[in-house]
There are 2 protein chains.
Amino acid sequence: MSVSYAQLQQESPGIFTEACPSRTVLDHVMSKWGVLVLLSLTDGTRRWGELRRSVDGISEKMLATTLRTLAADGIVERTSYPEVPPRVEYSLTPRGVELMERVMPLMSWIQVNADDIVRR
Amino acid sequence: MSVSYAQLQQESPGIFTEACPSRTVLDHVMSKWGVLVLLSLTDGTRRWGELRRSVDGISEKMLATTLRTLAADGIVERTSYPEVPPRVEYSLTPRGVELMERVMPLMSWIQVNADDIVRR
DNA sequence: CGGTATCCGGTACGATACTG
DNA sequence: CAGTATCGTACCGGATACCG
């Protein structure tokens with residue numbers, strides 16, 4: 001497991017340069033809304049309306065955009081049921097679960113330290 | 001250790017709402033350049049010029065802005081030496097080291113999976 | 001070397017209205 | 001219910017020039 005930038009670079013030179021795919025993934029996952037949508041999905045499958053309500057302050061437009069991007073990346077799965085009224089459910093893919101296993105420790109740390117950081 | 005959003009919320013209701021400090025910290029740390037600057041600093045102390053060269057594509061303006069924000073958050077420490085020519089060094093604070101310990105596993109995962117995610 | 005000041009364009013984003 | 005379409009704007013971020 002890498003613990004420094006130097007080690008990452010040694011394993012794969014050119015990592016996180018502008019053209020590197022890692023930069024793209026980083027932008028998608030760490031985007032303002034991406035991480036919050038993913039966080040909400042760690043609870044399990046959610047419907048569109050549930051996501052909209054659970055991610056405080058997100059607009060319909062950004063929810064749609066974010067979900068499409070993450071679905072294209074294979075991190076989120078979209079399942080629509082041909083019913084009336086329509087029902088669409090979103091969940092993490094196995095890859096998404098793996099990703100969030102790495103993100104959750106960070107979120108926990110932020111939760112604990114945020115007050116102290118912002119207050120200063 | 002929390003592994004789901006539900007658990008985070010149970011520990012601290014209102015977490016990651018718009019006004020929550022966690023949102024602010026998240027925005028600073030996960031910003032486009034913030035995470036890359038921090039990543040570079042995991043190697044140890046770096047001078048301004050080194051940072052500028054190591055973070056591919058960053059402008060002077062954004063490097064300055066990012067460093068000021070992270071320094072104000074107590075994540076990065078700035079040390080200037082009264083010499084001619086001037087020398088300024090940046091390093092992670094203990095808090096920054098703690099933070100990056102949580103971020104590095106994520107970066108490693110992205111490094112390994114990025115190609116596969118973007119290619120699809 | 002290590003910045004700051006200023007200008008400025010693209011786009012990320014929000015608000016609103018509308019639809020299958 | 002689950003979106004798309006359209007429009008308008010704030011601000012992020014790049015380019016350039018300059019300073020101690």
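This structure is a prediction, so every number in the text was calculated from the model and none was measured. Here is how names work: the chains are called A, B, and so on, in the same order as the sequence lines, proteins then strands, and each is numbered from 1.
Contacts of B:T66 classified as side-chain hydrogen bond (donor to acceptor under 3.5 Å, both in side chains), with partners at least two apart in sequence or in another chain: none. In this view, B:E50 satisfies the side-chain hydrogen bond (donor to acceptor under 3.5 Å, both in side chains) rule with no residue, not counting sequence neighbours. The side-chain contact (heavy atoms from CB on, under 4.5 Å) search around B:E60 returns B:W48, B:R52, not counting sequence neighbours.
Of the residues in residues 68-87 of chain B, B:P86 come within less than 4.0 Å of DNA chain D through at least one heavy atom, sorted by number. Near DNA chain C, meaning a heavy atom under 4.0 Å from it, residues 31-60 of chain B has B:R47, B:W48, B:G49, B:E60 in order of number.
Pairing each heavy atom of B:A6 with each of A:D43, the nearest pair is N-OD1, 2.8 Å.
With rounding to the nearest 0.5 angstrom, the CD1 atom of A:I117 is 7.5 Å from the CD1 atom of A:I110. A:T79 contributes atom OG1, which lies 4.5 Å from atom CD of A:E77 (distance to the nearest 0.5 angstrom).
Of all nucleotides in DNA chain C, those with any atom nearer than 4.0 Å to a heavy atom of chain A start and finish, going 5' to 3', at C:dC13 to C:dG20.
Side-chain N/O atoms of A:Y90 include none lying less than 4.0 angstrom from OP1 or OP2 on D:dC1.
In this structure, A:E18 places its CD atom 8 Å from P of D:dG14, rounding to the nearest Å.
Under the 3.5 Å distance criterion, the side-chain polar atoms of A:T93 are matched with a main-chain donor or acceptor of A:G74.
Residues B:V37 and B:L67 are in side-chain contact: their nearest non-hydrogen atoms beyond the backbone lie under 4.5 Å apart.
At least one test fails for B:R23 against the ring of B:F16: distance under 6.0 Å to the centre or angle within 45° of the axis.
A donor-acceptor contact under 3.5 angstrom links the side chains of B:S40 and B:R46, judged on distance only.
Each of D:dG14, D:dG3, D:dC7 was ranked by its minimum atom distance to the side chain of B:M62; first place goes to D:dG14.
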